[in-house]
Every structure is written in C-alpha cells, then in structure tokens.
Amino acid sequence: MAQCVQSVQELIPDSFVPCVAALCSDEAERLTRLNHLSFAELLKPFSRLTSEVHMRDPNNQLHIIKNLKIAVSNIITQPPQPGAIRKLLNDVVSGSQPAEGLVANVITAGDYDLNISATTPWFESYRETFLQSMPASDHEFLNHYLACMLVASSNEVEPMEQFSKLSQEQHRIQHNNDYSYPKWFIPNTLKYYVLLHDVSAGDEQRAESIYEEMKQKYGTQGCYLLKINSRTSNRASDEQIPDPWSQYLQKSSIQNQESYEDGPCTITSNKNSDSNLLSLDGLDNEVKDGLPNNFRAHPLQLDQSSDPSNSIDGPDHVKSASSLHETKKANTGIIHGACLTLTDHDRIRQFIQEFTFRGLLPHIEKTIRQLNDQLISRKGLSRSLFSATKKWFSGSKVPEKSINELKNTSGLLYPPEAPELQIRKMADLCFLVQHYDLAYSCYHTAKKDFLNDQAMLYAAGALEMAAVSAFLQPGAPRPYPAHYMDTAIQTYRDICRNMVLAERCVLLSAEILKSQSKYSEAAALLIRLTSEDSDLRSALLLEQAAHCFINMKSPMVRKYAFHMILAGHRFSKAGQKKHALRCYCQAMQVYKGKGWSLAEDHINFTIGRQSYTLRQLDNAVSAFRHILINESKQSAAQQGAFLREYLYVYKNVSQLSPDGPLPQLPLPYINSSATRVFFGHDRRPADGEKQAATHVSLDQEYDSESSQQWRELEEQVVAVVNKGIIPSSFYPTQYCLNSYSDNSRFPLAVVEEPITVEVAFRNPLKVPLLLTDLSLLWKFQPKDFSGKDNEEVKELITGEPKMIGTEVISEFLINSEESKVARLKLFPHHIGELHILGVVYNLGTIQGSMTVDGIGALPGCHTGKHSLGMSVRGRQDLEIQGPRLNNTKEEKTSIKYGPDRRLDPIITEEMPLLEVFFIHFPTGLLCGEIRKAYVEFVNVSKCPLTALKVVSKRPEFFTFGGNTAVLTPLSPSASENCSAYKTVVTDSTSVCTALTSSASSVDFGIGIGSQPEVIPVPLPDTVLLPGASVQLPMWLRGPDEEGVHEINFLFYYESVKKQPKIRHRILRHTAVICTSRSLNVRATVCRSNSLEDEEGRGGNMLVFVDVENTNTSEAGVKEFHIVQVSSSSKHWKLQNSVNLAENKEAKLASREKGKFCFKAVRCKEKEAAVQSSERYTFADIIFGNEQIISSASPCADFFYRSLSSELKKSQAQLSLHTEKHSIEDAVRLIQKCSEVDLNIIILWKAYVVEDSKQLILEGQHHVILRTIGKEAFSYPQKQELPEMELLKFFRPENTAVSSRPSVDQLSNLIKTSLHYPESFNHPFHQKSLCLVPVTLLLSNCSKADVDVIVDLRHKTTSPEALEIHGSFTWLGQTQYKLQLKSQEIHSLQLKACFVHTGVYNLGTPRVFAKLSDQVTVFETSQQNSMPALIIINNM
C-alpha cells in the first residue's frame, strides 16, 4: 500500500469516535448561519481535545485517553441511501488528484527505474469518507449517538420552553417506533443544554440570567453558555482571522449540487469526524410540529425526481469534472466564521472541553459501570443456565428470548435488551474511549456467544473489533489475530452479503498488515475484495495492492504494473478517467521498451482514449502515435481501428488551432537518408529512329565505379579546356544527389529548371495508407544582385507563387507493408537560396476494402480515385544526417557528423541546356565494322552555348570526321553501295601497284601532346543559339573484342556569357553496343633477301598478312571480301602485292583463311624530309574496282585513334618495365635496327542476308607492326596468367638487369646476302677441283659504325646437314675484318671449292659484329631465309 499521512495507530481511533447529536432551535441555527456554518459545522475544527483526559474503569483503575475526538452531527431521521453514498465516494475520489508538480519517488528495482507517487491522497479521502458515511446498524454500536446537545438562543422569547420542546422532540425521535433512524446507544441518552449568545447583538444580562435558570434546572454539569459572534460580519475585512473550517468544508463541498423537495441542503463530509457529521446547509422555511428541523431526508438521500437513473442499486455515479470545478469556485468565495474572533474560537474550544469532561466522559464511565454490573450479576446464573439448557436440548440453538425469533441469512437477530448485546455495547464503549484491553476481552466473550448462537453477522462484527483491539492494545501482549479478520471478511461477504462491512474490514486489516510490513498478505487481502459490484472500490483496492507489490523488500515490478493496469481498467469503468489515465501511465513505465508490443499497444491505446476523453489531446496524439510507429504485431483490422482512432483524435486537435503550425505525422515512415534529389528535366523517350542521350535520371541505380569514370572524364575535359590544369574551384557536376554522393557543398540548380526530390516512404502497417495533396515544404530566400537580402519565407504554398512553383500529387497510395517512392517537383522561378524542409500531405485511410492492389476502382469509388475515409493534414520533415567524420584525431575519438546539404540548393542564373539525339544509332556491330550515324544537338534553353566537346574513354569507337572539309566525305550516297568511305573508281590496269596519299595526324585531332579522348564537336560557328539544332554525321567502328560494350560519352559545353557559379555543364550518354566476330588479322614483316631496289639502296621488306574469317554467321554474314589493304607509316609504304594467285577477288567464307604477301619499301628520303614528323604516307593496294581513300575520314580517323590507344598501352607497359637508369645508347641503336613502324589497314566488305534482303557491311582492321619478325595481331591478345608460384620467404638479391641487347636484336645489325649461280657445270674428268666465285654482300642496318668479322672456317657439324649437303671448302683468306659505316653495303669476293657433283649449302660463313666503340662481339644469326643451295653438275 502507498504511504499515508496518518499511521494506523492514529487512523483507527480517529475512525471510531463517540457520536453526539445536535438539535438546534430555529433562532440558534440562525445565529450560526451568520458565519455560513451550521452548529455542527461550527464545532468541527475544535472537536479534538487538546489535553489528555482521565476516567476510571469498572475496576476503579485510572485510564488515560489521548487525543480524544468527538463527532457532533445534526439529527437526520432517514438512513443514507447506498446510491447517494456511492455518488459521494465517487466525487471524493475524482476531486482528489495528484498535486501538480509533485515530485514522484524514483524506485529502482532490477533494471527498472520507476517514477511512482508514494502517496495516494484520493485513497485516503475515499477511506475517510467511506468510514464516516457508514450507516449505523443494529449489530454494533460504535456510531450510535451517546449524547444529544440541545441548542437554543438567548434571543428566544422563552428559551426554557424552547429547551423543553427540544428535549421532547429528542425523546420522541429516540423512543417513538415511527423512527428507526438514527440509532441511540442506550435508552437514557445524555442531554446537554447549550445556550447560544450573540455577543454583538444580544443582551448579556438576559443571557446570564437564563443560564442561571438553566443551571438550577439541569445542574451545572448539564448545561453551558456559549458566546459567539463577537463582531459583525461587515467588519470582516478589517482584520484577517484564520479560517479553520475551509479544510473541512471545501474538500467536501462536492455534494453542494443536491436539491431536496423541502429545501436546499449541503451535504458535507468531514475529514476528521465520524460517520454522520453530515449537516443541513440552510434553514427550513416551514416549521413542522413546532420544530426547527426537517428530519425526513438524509443529506445522502438522492432526489429521485432529479436523477431517476440513480436508484439504490444503480451504478457508481459519475460527475463531470467541470461541475466540480464550478462548485469549488463557488465555495471558495465564501468566508466561514466571519463574525467570530479568536476569542470566540477559544470559547468554542473551551465548550467542547467542558462538554467532554463534565458531560460525556462521566456519562460513558457510568454506562460502562452499569453494563459491567449487569453482566457480572447475570454471568453466574443466566449464562450457566443458558448453557445447561443448550446441552440438554442437544444444542438446538433456541435461546430463551422474550420475542419471536427473527432469522435472516446471517443467523438470528437479537432484541435490544439481549445480554449478548450488552457485552457488545460495553466493548464498543471501551473501544471508543481507547480502553483496548477491556474492549478485547469483552469482544472475545461476545464473539463466543454469537458463534454459539450462530448469529453470524454479530459474530463477524465481534471478530473484526477483537482483532483491531488486540492490535491496538498497549505493549502488544498478543500478536495481531489476522485470522479473526479473515473470518470476519468471509462472513460479511459470503454469508451476510454485506460488502460495505467487508470493505471496512479489509481497509483496517490491510492498514495493520502494512504497518507490520506484511505487504504480500495485505495485497492478497485487497485483491480478495475486488468484485463486480463496485468498480470504484475494486480500482482503489487494486491500486493499493499494486503499491504493496512495489513496496516489498524485493519489489515485484511486473506484478505492480499488472495490478496498476487492472486498477486503471476499473477506474475507467467507474468513470474516473484521470485516475485511469494515471494508472496506465505508471504501468507503462514497466512495459515500455521490453518487447511486449501487444501489451504496449493496449496501454497506449487506452492512454490515448482516456487522454482524449479528458481533452488532453496532445497526450492522446502521442499515445496513438506510439501504437502506429512501433513495428506493430497487431492484426490488420486492429491496426485499421488504431489508425482511424488516431486520425479522429488528430482531427480534433487540429481543429482547435486551425492556424497553428502543421503537426508532425507519424506515418508513413520516411527513410530520410534514401532521399534523392535530381536537378533538371526528365529524359525524353525515344522517338522513332531518334534516341535521346541517356544522361542521368532517377531510374538509374547508383554505381560507384561508373560515377568515378564520369568524374574522371569530366576532369579530363576540364583539364584540356584549362590548358592542362584542373582549376582549384573545379567540382564535379552532380545531377543526382543520394546517400553515396558527396553532399558537403550546397548543390547548384539553374533557374527555370525543375528540381525533383524522391522521397522514400514505407508503410509499416497492414492497412493501406492514402496520402492526398502531397507536396514539398520549402523555405526560399531570394538573392538580389544589388546586394540586399530580402528574406521571404513561405512555409506553405497557396496558389501559384512567383518564386517557386510546387507540384502537388493529388493521390499517393501505399499498400500494406509496402515501400514506395514519391517524386515531387519544384520549379524555381527566381535566383536565391532554397531549403527543402519536408513534405506536407493529408494522411488518410481507404474506406471499403482492407487491401488495394492499386489497379482499377474500388467499389464505391470514382474511377481512378480512392474513396478517402478520414484524413488529417500534417507534415514530416526531411532531416538527413551527414556522413560520420573520421579525419582528425578529435573526430575519430568522438562521434561527429558532417553536413548533408542535398536539400539546400542554390538557384543560379540561367544556363544553356543541351539535348543530344542519336539518329540511326546501331545497337549491334561486327568487330571493326564502320557505320555512319547522325547526332543532333539541340539547345533547349534561352542562352547560347559554345565550346561543345565530347570526351570518351573509347575514342577509337567514333569520329565526327577530320578538321578539314576536304577530308570528310559529303554524304554516304556519293558512291555505290552507299559506302561510309570516301571512294574513287579505279581502272583495272593499276591493280597490284599501290596508290599513295598522305595526311597529317593533326588534321584528325591526334596532335603532339594532345588528349585524343577529348574531341571538339565541329559546330558551325562554334555556337549553338537558343532553340537551334544541328545534325552532324558520326562514324562508328565496332570494337575489336566481341561482346557487350558500354561506351560512355560526356558532352561538355559552356555558356557564351561567363557565369560566376557554374562554369560549364555536361550531358552524359552511355551507348551499349553488342559486337560479334568478324575477321582476325595477323601480320609479320621480315627483311627481303634481295638487297637491290630500284634505287639500288637496301631495305626492302616483305609483309605477310593472314586473314581468317572467324564469324560463325550468327549475324547472317555470308562472306567477307577483302577490298583493299593499305599501309600507313612515316617511313615505309606498301609497294605491291606479291600474291601468286591469279584471282583478284579475295573472298572468305565462314572459317576460311586467306594469306597475302606484300612488298614494302622505304619512302623516298626527299618525301620523308619534306613531311613533318606527324605526316604519314598512306598506300592503298586495291583488290576491287574502287579505291577507298585511306587518308580521308573515316578510315584515317579510326586508324589514328587505334594508333594512339595502342601507343597509350605500350607506353603504360614501358613505364612498368623501364629501370631507373636509362638503357645505354648503344643498346638503343642495336634495338632500332630491328624496329619498323609499319601499320596495315585491312578494309573489307561483308555480305549479310537479313529479312531476305542483302546488305553490305563494311569495316576495317588495323595491325601495327613494330618489330621485324614478330607477329602482330588486329585483335587484343589475352594475357596468359602466370602459373602460381610457391611463396619465397627470403629477400631476393638485387640483381642488376644487364643492359645487353637480346640475340634477336643483335642478329639484325648486319644483313648478309650471298650472290652465286644457282647451278654450275664443271668437267670433273678434266679438272678435279671446281672453283665457284661467290659474292658476300654485307649491309649495315644500323645508324652507327660497325666492326665486322667474317669467319669462313666454320664447318657444319650436324650430321643431318652433312647427309643432305655435301662438304666443300672456301679458298683464300679465311677471316676478314671490316668496318662498315652507317647503312653501308660492302661486297666480298669469295671462292668455293668443290670436289664432286652434288647440292651444297653455301650459307656457312659466320659473321660477327660489334659496334665500333664497344668491346663485346656478337655473332649475327644466319638469315632465316632458305639455305643458299648450289647445284654442281658434271659436264
């Protein structure tokens, strides 16, 4: 139980006090009425004695009574009605609420910290009122009247006569059978005569004389002169006199509103007085039977006419809180005791003392003695007689009584003079004067008698009081007999069916158990008495039981919470909304956050309901909000009910303050961090052959890799524009901001271009939510260029504003447990700073069906519209937490977040806006296929744009043509077959010789140090005006690897007028091309053995080209025709084809291979000299009847592009391999010998059958020949992965890489060639030795001087060679030492000697060479050409 103001030792004596009746004359009542008090009320604050009093017990022992209190009340002849008592109790409880700002106790139990109010004043008020308002009953005498004060005024005409009348009236009420109420203790009630004298208005002498007369008649012990009203009420304001009555009256003024037929009454219940201190407020207008008071109606009588519903057995009556407040207000204005001075207060106090000392206590003492004597005199004879008789009649329960036996459910009823009742009377009197020892023994005796007689009601009463007396005995001679109480409660409840008495037992016993810290027993007791007949009682007892559980040595927190919930439920049924709410809130502390979601939902729902009823709308909203936002485990129907309730409450809240700020709505959930912001217009869909650039859209998934690529492309183009340096102010353009992008800066948006915000909603409920009129909430601060800031903050948009246009989505349906994004647009019409704050919408539910598939109309809906149930307008803020900072030490050790500014764009001035469309853009190509498409550039803004460039990581994929118009063919229709190439018809005579032309790579944008990836778009006049569009041809070449290729284009452009905030804009396009296999080309170059050319200079080459058709005809390709082979080089050119086959048509069907051989010669020196280092010579060898000019677009473009990308790759590889120290010059020279820069371009046509039409595709492949003798390929070679090696756990020694050239490179220093007759006839029979002259030509291939040693002593050692070729000898000098100047050719005349016929290999001389300034000698390898065979014939 909760803590109480009074201890149980104070509570019980205060609850059972001697009762005194008061009977006042009309005039006397008028005098007290001047103070707004009745006579009984006047005495109330002074009814406790200030000093100890003494009396003697029957054994003549002195007994001390401490703190005695008496209860004076007006006589009322009607017993109180149960319904009225219930109403009174209800009002008392609802009028007592926890004090505002009361600091609750914090109880820590386990892992719970609970704020619990330690006291429950409403329970104490209830208990007091309950104990005071108990009606008097026949089986006990505790609240029967012991005495009666007869009060008359000194102003009366005949005061003594008035006293006689009052005395007769009292006698009539007590002894006449018409009045069964009130109850009197003993027949000869003490009458005490009080003369009231009004000091300010009355005659002092007369009063004194009347008092003397009274003393003569009634004796000094039996009368008293009480002087009051020492001042007139109009002087009340002069001095402040304390008002001791207000605490008694105000607290209990809640019954003021009752009205009775015979006159207005106030029922007042008093905190510290006994049961019947309930008095009439107001004098009767008519005096019946010459008496001043009307005794017919008890103040607790309900007026049947005014409230028919409240019958005696009616439910607990509920009074609205507002009427209570009014009553309180009405009462607080009244000043009580306005005519009384402090002296008067003392007089009243003195009067009570006198009455108690002189009148009441002696009367009680005398009565106790009389009763004791009676009992002693009877005990010997009659008790033994009774018991003997009972035994003889075998316990037949028929005591000799002088009246007919009255039986009821609880046993028999005794007549008033029965000896058993006399014991009870004596016990009660002893109890009232705190003589608990004697009281206990009497109760104990009475209990036995009653039980023997089976008078259960009487027995229960005796048991109850025996237990209390035993507990209150001084010195505690015996333990508290709790079983007595239990028996009494059970008897009252089950046998007598008297819940009021049972409740009194429980209240007393629980308080006693609590004082002994027996909380568990107390709780069990309290819970036992909860029942269906009274919700208020059950609620209060359950609440006290809950307090018992929490006050145990080891608190039982969950039991506390559970019983608080039960109490709250019963309070709610009893109409005590505030108390119900308080109980639920206290229990919620235990259930919250423990995962008991259904319990939490129930509590929150109830709290919401109760708060709503009490008009605590904010609490109601927050409670319902909790039910909705926690992941609810409720069924869909239940969630729907919760939601409807929530919306209903919310609607009422918003109606209270229609102009207030919009409330925050809890549903649907918004995942703020998933919010995406997109700047710009939506992408146009493809229109026929026109396909818009993909650019950026909200439909694209974020990919960190691709965003990095786009960033690099943009950096690349910005660097080119800014002459190789990226400016410090550069920041990559971001069109779409999301949780992965860098949002630390304020994004820039352009005026008149929409801003789309994608908000991610999630509906956690199992019922669909319908959002209507959904739009963004924003704040805008326009910036003036005059430098003044005028802040215009628009919270909500009404109409179409000038600053920012807002798109409204009229209906947005989110199905149950669905996540869905809404895209909301803003249209900025002014420059300035925009802050997107959140979303605003009407939240509602759908009527009709529980789930909606979003397709078709619901029953009862308009088509396309959902019928909205109830909806409320509100907002949700978008608050995005920035990234966690982790750079400095301070940031690492603390939790700090950076800013996220994606919702705070700065609106800048107008910028040009480019749209790009691709026309006839292919999706599938053969590898190397050339296709012509068109690109359309449109400026859709109001500003001109310039400096249009395109950048791509794959520049070899496309070209816009050369810089000069001459090089770019006009249109595809200029030649037959609508070729994409520039072609010239040739005559058939000049078939196999090459046609040469030249071009500079600078013309094709591949200059020295240029970025081949950045390509300027050749706009006419370099400017695109607002609204203008231009179409440009674009050639595409299928990439060399087969498969799907994503090729990123980034278009860069600027405004003609320079903008301070945005320097440039970009447009992205990703082209997806699927390539299928076509041809594989591999080529090698080697030195020709013949050393003469037309000029007689050395240096012819043979180029072998293998072409294989690898197409598996999935693209419907029938065959490939090789139409032309071209070379492009600074120093070499193809001269003619040395193919022996006669057929000119070079056709390759599927999986066929073709072999070509070409002769290549050096360009003429003068040509080479004239050409700048960037000029290339193109030579075309034609297999058809049409020459494709390879030095024009697009052939040259793609050639240069592939060349530059190849160079990039090789540079990257070189940078990987080169050591820190550079390779020595000598080695460099040697390497140069074997280098060649000859590039082959294979041009082909493919015949394709598609939809029974024949198409001709064309394309080109490139082979770049770098090294003599090394095979080169047109397609990238797959790198073989090295095999896995074992890990080495030691440090390799730093072996310096020797800078020696490789054997291959050295073998190419000197080129050797033997000149001799193929066959030689010799007459061996004439001359046995055959001598053949042989010329050895040595050619220095390098640019340095070379020392050469020719050694002829070499013999073939291999036996195979000997078998095939016979042996011969060289004659003459066997070793030659020569020095060859740069590129010099030297001839040696040698002689070979043969002894018989045969075939001989003359290729035996060994040639060693070294650079003149080097020491090491290297052997040049034998020519890897055919063996130098000679046939010797005999003549």
Side-chain angles (χ1 to χ4, degrees), residues 676-687 690-700 710 713-714 717-718 721 730-737 746-758 803-805 807 823 825-832 834 905-919 934-951 1015-1032 1034 1048-1071:
R676 298 195 297 165
V677 185
F678 176 69
F679 301 101
H681 296 278
D682 292 344
R683 179 175 169 240
R684 288 195 198 169
D687 172 23
K690 265 194 183 185
Q691 177 195 351
T694 53
H695 195 43
V696 185
S697 78
L698 285 170
D699 299 323
Q700 297 164 359
W710 288 116
L713 286 174
E714 190 177 353
V717 67
V718 168
V721 170
F730 168 74
Y731 190 69
T733 311
Q734 299 190 98
Y735 283 109
C736 183
L737 300 178
F746 291 106
L748 299 174
V750 178
V751 73
E752 302 299 344
E753 288 187 20
I755 298 169
T756 309
V757 180
E758 183 183 87
M803 295 290 174
I804 307 282
E807 180 191 47
R823 291 182 184 164
K825 286 199 174 82
L826 292 178
F827 302 94
H829 304 311
H830 198 286
I831 58 173
L834 177 64
I906 293 170
I907 313 295
T908 63
E909 291 173 68
E910 275 196 314
M911 281 291 286
L913 185 61
L914 176 72
E915 283 192 359
V916 177
F917 296 98
F918 296 88
I919 302 160
Y934 286 91
V935 189
E936 184 175 12
F937 297 97
V938 188
N939 181 355
V940 292
S941 67
K942 295 177 182 165
C943 305
L945 68 86
T946 185
L948 178 56
K949 292 181 173 42
V950 60
V951 59
I1015 299 156
V1017 177
L1019 286 177
D1021 309 329
T1022 70
V1023 171
L1024 196 57
L1025 295 171
S1029 72
V1030 63
Q1031 267 193 27
L1032 295 176
M1034 181 189 209
N1048 290 339
F1049 297 95
L1050 184 130
F1051 295 94
Y1052 165 102
Y1053 57 99
E1054 296 174 7
S1055 173
V1056 173
K1057 193 174 92 182
K1058 291 281 173 270
Q1059 296 285 15
K1061 293 255 189 224
I1062 303 181
R1063 297 278 177 83
H1064 67 271
R1065 302 193 81 178
I1066 60 168
L1067 175 71
R1068 302 173 179 178
H1069 176 61
T1070 303

**Student:** Check the pair Val916 / Val935 against side-chain contact (heavy atoms from CB on, under 4.5 Å), numbers first and verdict last.
**Tutor:** CA-CA 7 Å; Val916 177; Val935 189; 3.5 Å; yes

**Student:** Would you compute the distance between atom CG of Leu1024 and atom OH of Tyr1053 and round it to the nearest 0.5 angstrom?
**Tutor:** 10.5 Å

**Student:** Lys825 versus Asp682: any side-chain heavy-atom pair under 4.5 Å?
**Tutor:** yes

**Student:** Under 3.5 Å, is there a donor-acceptor pair between the side chain of Tyr735 and the main chain of Gly680?
**Tutor:** no

**Student:** Checking Ser1029 side chain against Val938 main chain: does a donor-acceptor pair fall under 3.5 Å?
**Tutor:** no

**Student:** Using side-chain heavy atoms (C-beta onward) and a distance below 4.5 Å, is Leu1032 in contact with Val1017?
**Tutor:** yes

**Student:** Does a side-chain heavy-atom distance below 4.5 Å link Val1030 with Pro1020?
**Tutor:** yes

**Student:** If I compare all heavy atoms of Leu1067 with all of Leu914, which pair ends up nearest, and what's the gap?
**Tutor:** CD2-O, 3.9 Å

**Student:** Using atom types as modelled and distance alone, determine if a side-chain donor or acceptor of Thr908 lies under 3.5 Å from a backbone N or O of Ala749.
**Tutor:** yes

**Student:** When you measure from the side chain of Arg1065 to the backbone of Pro912, do you find a donor-acceptor pair of N or O atoms at a distance under 3.5 Å?
**Tutor:** yes

**Student:** Within the 4.5 Å heavy-atom criterion, are Ile755 and Val677 side-chain neighbours or not?
**Tutor:** yes

**Student:** If you measure from CD on Glu807 to CZ on Arg823, what distance do you get to the nearest 0.5 Å?
**Tutor:** 11.5 Å

**Student:** Measure the shortest side-chain to side-chain distance between Leu713 and Arg1068 over non-hydrogen atoms and say whether it is less than 4.5 angstrom.
**Tutor:** no

**Student:** When rounded to the nearest 0.5 angstrom, what is the spacing between CD in Gln700 and OG1 in Thr1070?
**Tutor:** 7.0 Å

**Student:** Is a side-chain donor or acceptor of Glu714 paired with a backbone partner of Thr733 at a separation under 3.5 angstrom?
**Tutor:** yes

**Student:** Working to the nearest 0.5 Å, report the span between CG of Leu748 and CD of Gln734.
**Tutor:** 10.5 Å

**Student:** For residues Lys1057 and Glu909, report the shortest heavy-atom separation together with the two atoms involved.
**Tutor:** NZ-OE1, 4.1 Å

**Student:** Do His829 side-chain atoms and Met803 backbone N/O form a donor-acceptor pair below 3.5 Å?
**Tutor:** no

**Student:** Which atom names give the shortest non-hydrogen contact between Thr1022 and Thr946, and what distance separates them?
**Tutor:** O-OG1, 2.9 Å

**Student:** State which residues pass salt bridge (Lys or Arg N to Asp or Glu O under 4.0 Å) with Arg1063; sequence neighbours excluded, sorted by chain then number.
**Tutor:** none

**Student:** Which heavy atom of Val1023 sits nearest to which heavy atom of Pro944, and what is that distance?
**Tutor:** CG1-CB, 4.0 Å

**Student:** Hey, what's the ring geometry for Phe1051 with Phe937, parallel, tilted or perpendicular (30° and 60° as the breaks)?
**Tutor:** perpendicular

**Student:** For His681 and Glu753, which heavy atoms make the closest approach, and how far apart are they?
**Tutor:** NE2-CG, 4.1 Å

**Student:** For the CG atom of Leu1050 and the NZ atom of Lys949, what is their distance to the nearest 0.5 Å?
**Tutor:** 12.5 Å

**Student:** Between Phe730 and His1064, is any pair of side-chain heavy atoms under 4.5 Å apart?
**Tutor:** yes

**Student:** Quick check for you: to the nearest 0.5 Å, what is the distance between Lys690 atom NZ and Phe918 atom CZ?
**Tutor:** 12.5 Å

**Student:** Side-chain contact, heavy-atom cut-off 4.5 Å: Phe679 with Leu737?
**Tutor:** yes

**Student:** Tell me the closest heavy-atom pair linking Cys736 and Phe678, and the distance in Å.
**Tutor:** CB-CD1, 4.2 Å

**Student:** Does a side-chain heavy-atom distance below 4.5 Å link Asn1048 with Trp710?
**Tutor:** yes

**Student:** Who are the side-chain hydrogen bond (donor to acceptor under 3.5 Å, both in side chains) partners of His695, not counting sequence neighbours?
**Tutor:** none

